[in-house]
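The sequence lines fix the lettering, A, B, ..., with proteins before strands; numbering per chain opens at 1. Note that the structure is predicted; figures quoted are calculated from it, not measured.
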Amino acid sequence: MKYLRLIFRNVVRNRRRTILTVLSITMSLFLISTLKTLLDELENPPATPESAKRLFTRHKVSLGVMMPLAYREKIRSVPGVEDITTYQWFGGVYKDPANFFAQFAVDADRLFAIYPEYRIDDPSHIQDFIKERTAAVAGVKLAKKYGWKLGDRITLKGTFTRFDVETTIRGFVDGGGSENTYFFHYDYFNELANSANEIGTLSIKAKSAEDIPAISDSIDSMFANSTAPTKTESEKAFFLSFVSMYGNVRFLVMSISTVVLFTIILVAANTMAMSIRERTGEIAILKTLGFTPGQVLGMTIAESLVIALAGGLLGSVGARYAYGSVDFNELSQGFLLHFVVRWETILMAVGISILVAFTSTLLPAWGASRLSIAEAIRRRGE
Amino acid sequence: MAAVEIRNVKKVFKREATEIVALNNTNLDLESGGFLCLMGPSGSGKSTLLNLIAGIDRPTSGEVIVDGKNISNMSESQLATWRNHTIGFVFQSFNLIPVLTAFENVELPLLLTKLSRSERRAHVEIALSLVGLTERSSHYPRQLSGGQEQRVAIARAIVTDPALILADEPTGDLDAQSADEILAILEKLNRDSQKTIVMVTHDPRAAHHAKVTRHLDKGILLPEGVTA
Amino acid sequence: MIPVKYNFRSLVVRRVGTMMTIGGVGLTVGIFVSILAMVNGLENTYVNSGEPLNLVLLRKGSQTETNSYYNRSFKGIVETMNGVQAVSGEILVIINHPRLTGESANLIVRGISDKTFALRPKIKLVEGRMLKTGLREVMVSRSVSNRFKDGKIGDAIHIGRTDWKVVGIFDAARTPYDSEIWGDYGDVAQELDRPIYSSLLVRCTDESSLKDVQQKIIDDRRLQMDAPRETEYFGSQVGTAAPMKVLGYVVGIIMAIGSCFAVMNTMYAATAYRTREIATLRVLGFRRRNILLSFLLESLLLALIGGALGCLFALPMNGISTGTANFITFSEIVFQFRVTPRLMLIGLAFSAIVGTLGGFLPARLAARIPIVRALRTEV
Ligand SMILES: Nc1ncnc2c1ncn2[C@@H]1O[C@H](COP(=O)(O)OP(=O)(O)OP(=O)(O)O)[C@@H](O)[C@H]1O
Ligand SMILES: [Mg+2]
């Protein structure tokens with residue numbers, strides 16, 4: 001610790017070089033933090049106690065294939081199931097195909113019980129939504145984007161259905177991703193579909209999260225030998241299957257991060273090489289004064305550590321705050337609910353910085369340590 | 001015609017709060033074809049005077065007229081071109097470009113002229129033969145001795161055929177024998193090629209090669225024959 | 001002009017720093033070009049795919065074949081139109097099937113007709129044999145075969161309620177068809193219990209009759225169909241590559257800024273080490289401008305070597321096969337990385353930008369060095 005002053009002096013000796021190196025490392029760790037956060041948000045969206053209790057049932061063949069609506073009541077009576085709602089995706093077009101947002105046909109009277117994180121703007125609007133067959137509730141962000149007000153009539157043109165849905169907004173919802181979603185009645189949807197009584201996805205709420213494996217087993221075995229076998233999985237697994245559709249995102253992120261890591265090591269090593277070469281003579285003098293090679297190496301690594309940590313923290317903490325002010329839900333059109341650089345990511349950045357400090361110092365320091373004191377003094381200033 | 005005229009030149013260096021008067025009220029006339037040696041204790045202003053004549057520094061007041069041209073009010077880029085044509089500068093520490101060969105170092109100033117490749121080659125070869133280093137033209141500076149390096153530097157100074165050669169302690173970093181060779185070359189350039197030469201030196205033996213020796217002391221150019 | 005060999009040799013003298021900087025720029029350009037190669041490969045699957053004289057008939061409003069369905073009688077209406085050479089009625093279904101790596105993806109199963117191959121002349125059977133009607137046999141594309149479980153000849157793929165035997169492998173010349181499984185129309189429709197067509201592929205006799213047919217179909221109120229050209233139909237799905245493109249540019253820009261700082265560092269060091277040389281050049285008559293250009297050139301050289309190296313680093317990516325989701329059809333699209341000369345030029349231009357931006361400030365500093373003070377510095 002008594003060497004801190006000397007280490008600090010060395011860090012600020014060539015201020016411009018230190019700043020440029022720190023900035024370069026900052027950019028790289030900003031990028032790594034971004035990629036890590038992307039992976040986190042896709043693979044491990046933060047679970048709430050509520051979301052951990054939910055499951056989805058769909059047709060075993062694929063999402064596009066419908067199941068009989070009668071499954072809803074059959075599943076409701078499965079032990080451990082507390083509640084169930086239809087959750088029918090409707091990829092309709094609002095005015096222009098560019099206006100892309102999620103739309104679901106649901107059981108209006110069940111939705112808020114199963115999704116307590118969806119907050120309605122006014123409690124009386126829940127009743128308004130339930131009462132009226134063509135009522136809808138809209139996410140607050142959608143409402144803001146398209147300038148919707150209570151009572152507005154919204155038409156969604158069907159893409160995979162033959163019909164359009166014409167709805168009236170009776171409330172606004174916020175929270176849990178609902179801010180960019182549009183909900184209307186499944187009963188209305190079914191009526192437009194000539195009462196086909198078919199459903200693509202059912203959302204189930206379990207009495208407790210522990211029951212989930214048992215529930216999903218009993219549901220799937222109940223329909224295994226029917227014309228429409230099912231696949232039931234936890235909400236988390238259900239969303240993960242979407243992520244896996246993107247291909248090997250994890251591998252992509254890992255490859256990019258590895259390359260970036262090597263880049264940082266090169267940048268830091270270059271700086272440390274310059275710094276050590278400039279001080280070849282000084283290092284020799286320190287050795288003449290009785291400093292051991294280990295102490296000299298330690299001080300050089302400490303110097304590198306200060307620089308790498310400054311860059312690492314600036315990059316990762318900077319990313320946390322920079323992204324804090326961006327609405328990713330809106331930016332990614334609902335693809336990412338939010339985008340928060342987690343503290344564990346910042347910890348990882350610190351780890352990377354330490355790794356970089358060691359690897360970047362070893363090579364130039366090894367070169368310097370091979371110089372004899374006499375040679376080093378002769379080279380001084382060269 | 002006078003090759004160099006210095007009129008009431010004053011040079012002040014400002015460093016933070018302190019002011020250093022490096023040259024005060026200096027006047028000097030040097031005839032074309034002259035060989036002037038400047039001597040004086042360290043810090044007396046010799047290099048400062050030489051730099052003013054070379055147009056790499058500007059006087060605080062007064063005029064510097066070289067070859068009939070007042071260089072005190074030329075722009076930076078005019079000065080650069082002017083230096084290329086008019087001045088050959090020889091440094092104490094040679095200042096060769098370490099990554100270029102002797103030939104390429106000498107050729108460097110010619111790259112600023114309109115000469116063709118073969119013309120440049122011819123000029124470089126003449127300059128190198130004048131300093132007796134033809135056979136070393138493909139060597140890099142670190143492969144040469146100090147004396148040889150300085151000869152390359154002189155070749156570089158004369159390759160554009162400037163009227164004026166300025167040398168700041170050209171023998172300062174050399175052993176006695178190499179120094180004698182360098183001085184002989186400078187003397188020959190003055191005698192046979194009528195180059196005007198201004199040389200700064202600490203070495204009284206070097207001064208013998210010059211036609212005139214003037215002394216500086218604390219920024220004052222002393223009259224001929226007066227030493228500090 | 002200060003000769004370039006001066007810069008070149010100066011870079012060699014400081015080889016350790018030079019190599020590390022080149023390495024940094026190289027990795028940056030390499031990763032940028034690699035991601036662009038991925039984007040390029042994916043986009044290329046959609047752009048220039050399909051036959052120019054083919055129309056894809058979709059139910060009005062459905063943007064894809066996978067969303068579309070209509071009555072089988074419509075085929076007869078279209079077949080009798082003037083200018084129509086041939087019509088292939090097909091049905092599509094998406095199945096969820098495991099990749100070799102374990103996780104599942106959606107695949108398109110297309111029930112094909114006897115005209116399917118004729119209307120898509122670029123698609124060739126490369127292994128095994130054509131499927132036979134009524135036997136629940138399938139052919140898979142080579143990409144699907146290499147990427148998914150049960151994709152070899154003789155394997156069985158589970159579609160609907162039954163197992164379908166793989167009898168052939170086809171190559172669709174890097175079009176979206178390379179991500180499909182093909183069975184017989186009748187078999188697939190029967191398995192799904194859906195006597196419908198998802199799409200009709202219509203071959204017109206020539207360009208002018210194509211326009212007529214297109215108009216006639218759109219105007220026919222019985223049909224209620226859209227009729228994009230096959231090329232336009234695939235071209236409209238190119239947006240699939242958008243997220244990847246965003247990723248590429250985000251990574252590229254952030255890394256470029258980081259590399260700029262690294263290049264700056266190296267070039268500042270270069271000017272510091274060569275202060276005396278710069279002053280000497282100025283004494284010899286070189287102007288500030290010459291010095292500025294020389295150092296800028298050196299920085300450019302440094303970055304361009306890195307850029308070239310980065311392109312080389314990305315080159316082996318060419319042809320690597322991977323897949324992602326097409327969220328319009330909701331199914332997997334298989335594609336290959338494509339490193340083209342154009343991409344390499346982009347990589348070089350990218351490194352040139354890094355070199356120029358990173359080199360400018362140091363070069364300006366070098367040009368501004370006062371001669372007299374520089375000559376006095378001990379280096
Ligand atoms: N760039 C500068 N900034 C500040 N002071 C300077 C500068 N150049 C010269 N001086 C000062 O001006 C005075 C004259 O310096 P100059 O270099 O001309 O001396 P000199 O006679 O050449 O000495 P030496 O024999 O040691 O080379 C000295 O006091 C020196 O410190
Ligand atoms: Mg001096």
Side-chain angles (χ1 to χ4, degrees), chain A residues 14 16-17 19-28 30-31 34-35 38 60-65 91 93 97 157-162 164 227 229 231 240-242 244-249 252 255-256 259-260 262-267 269-271 273-274 277 332 335 363-364 367 381-382, chain C residues 16-17 19-21 23-25 27-28 30-31 34-35 38 59 61-64 66-69 93-96 99 101 103-106 159-161 192-193 224 243-244 247 250-251 254-262 264-266 268-269 272 322-325 327 330-332 378-379:
Chain A
N14 191 329
R16 184 167 56 209
R17 184 168 64 211
I19 291 174
L20 287 173
T21 310
V22 167
L23 285 179
S24 188
I25 296 176
T26 300
M27 293 315 289
S28 301
F30 182 87
L31 181 58
T34 306
L35 293 173
L38 178 70
K60 197 176 175 194
V61 169
S62 84
L63 268 174
V65 184
V93 169
K157 283 176 71 72
T159 55
F160 78 104
T161 57
R162 277 168 205 273
D164 302 340
T227 49
K231 181 165 181 176
L240 264 183
S241 69
F242 280 86
S244 82
M245 280 176 68
Y246 270 100
N248 208 334
V249 181
L252 184 69
S255 325
I256 298 175
V259 175
V260 176
F262 274 108
T263 319
I264 314 175
I265 292 178
L266 282 176
V267 169
N270 193 16
T271 294
M274 288 193 274
R277 185 163 43 174
S332 64
F335 166 59
L363 207 76
E382 208 172 75
Chain C
V16 177
M19 263 153 40
M20 288 199 249
T21 314
V25 176
L27 289 175
T28 303
I31 201 84
S34 300
I35 301 178
M38 195 163 76
R59 193 176 52 84
S62 352
Q63 285 148 358
T64 78
T66 51
N67 279 350
S68 164
Y69 53 89
V93 64
I94 291 175
I95 62 162
N96 200 255
R99 297 189 188 117
T101 46
E103 76 284 6
S104 298
N106 290 340
I159 301 171
R161 279 153 297 181
L192 298 171
D193 211 8
Q224 291 283 324
M244 232 180 251
L247 178 77
V250 167
V251 171
I254 297 179
M255 292 282 286
I257 298 174
S259 300
C260 276
F261 290 134
M264 239 187 239
N265 228 343
T266 303
Y268 270 127
T322 183
T324 186
F327 276 98
F330 231 73
S331 60
E332 169 119 335
E378 287 297 326
V379 177

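Of the atoms belonging to A:Thr271, it is side-chain heavy atoms, and not backbone ones, that fall under 4.5 Å from chain C. Only the side chain of C:Ile31 comes within less than 4.5 Å of a heavy atom in chain A; its backbone stays farther off. Contacts of A:Phe262 with chain C are made by both backbone and side-chain atoms, with heavy-atom separations under 4.5 Å. Proximity to chain C is limited to the side chain of A:Ala273, based on heavy atoms less than 4.5 angstrom apart. For A:Leu252, the part lying under 4.5 angstrom from a heavy atom of chain C is the side chain only. Heavy atoms closer than 4.5 Å to chain C are found nowhere in A:Ile25, neither backbone nor side chain. No part of C:Ile159 comes within reach of chain A, as not one of its non-hydrogen atoms sits under 4.5 angstrom from that chain.
Two residues are said to be in side-chain contact when any heavy atoms from C-beta on lie closer than 4.5 Å; C:Asn265 and A:Met274 meet this criterion. With a 4.5 Å cut-off on side-chain heavy atoms, A:Leu266 and C:Thr21 do not count as touching. Side-chain contact check for C:Thr28 versus A:Val260: every heavy-atom pair is 4.5 Å or farther apart. Counting heavy atoms from C-beta on, the side chains of C:Met19 and A:Asn270 never come closer than 4.5 Å.
Contact between A:Lys231 and C:Asn96 at its shortest, heavy atoms only, is NZ-OD1, 4.5 Å. Across A:Thr263 and C:Met255, no two heavy atoms sit closer than the pair OG1-CE, 3.8 Å. Taking each heavy atom of A:Val267 and C:Ala262 in turn, the nearest pair found is CG2-CB, 3.6 Å.
For the atom pair CZ of C:Phe261 and CD1 of A:Ile19, the computed distance is 10.5 Å after rounding to the nearest 0.5 Å. Here CG of C:Asp193 is found 9.0 Å from OG1 of A:Thr227. Values are rounded to the nearest 0.5 Å. The CD1 atom of C:Ile35 sits 3.5 Å away from the CD1 atom of A:Ile256 when rounded to the nearest 0.5 Å. Rounding to the nearest 0.5 Å gives a distance of 11.0 Å between CG of C:Leu27 and CD1 of A:Ile264.
With sequence neighbours excluded, the residues forming a salt bridge (charged side-chain N to carboxylate O under 4.0 Å, His left out) with C:Arg99 are C:Glu103, C:Glu332, listed by chain and number.
Because its NZ or CZ atom is not both nearer than 6.0 Å to the ring centre of C:Tyr268 and within 45° of the ring axis, A:Arg17 does not count as a cation-pi partner of that residue.
Your options are C:Arg161, C:Arg59, C:Met244, and the one with the most heavy-atom pairs under 4.5 Å with chain A is C:Arg59.
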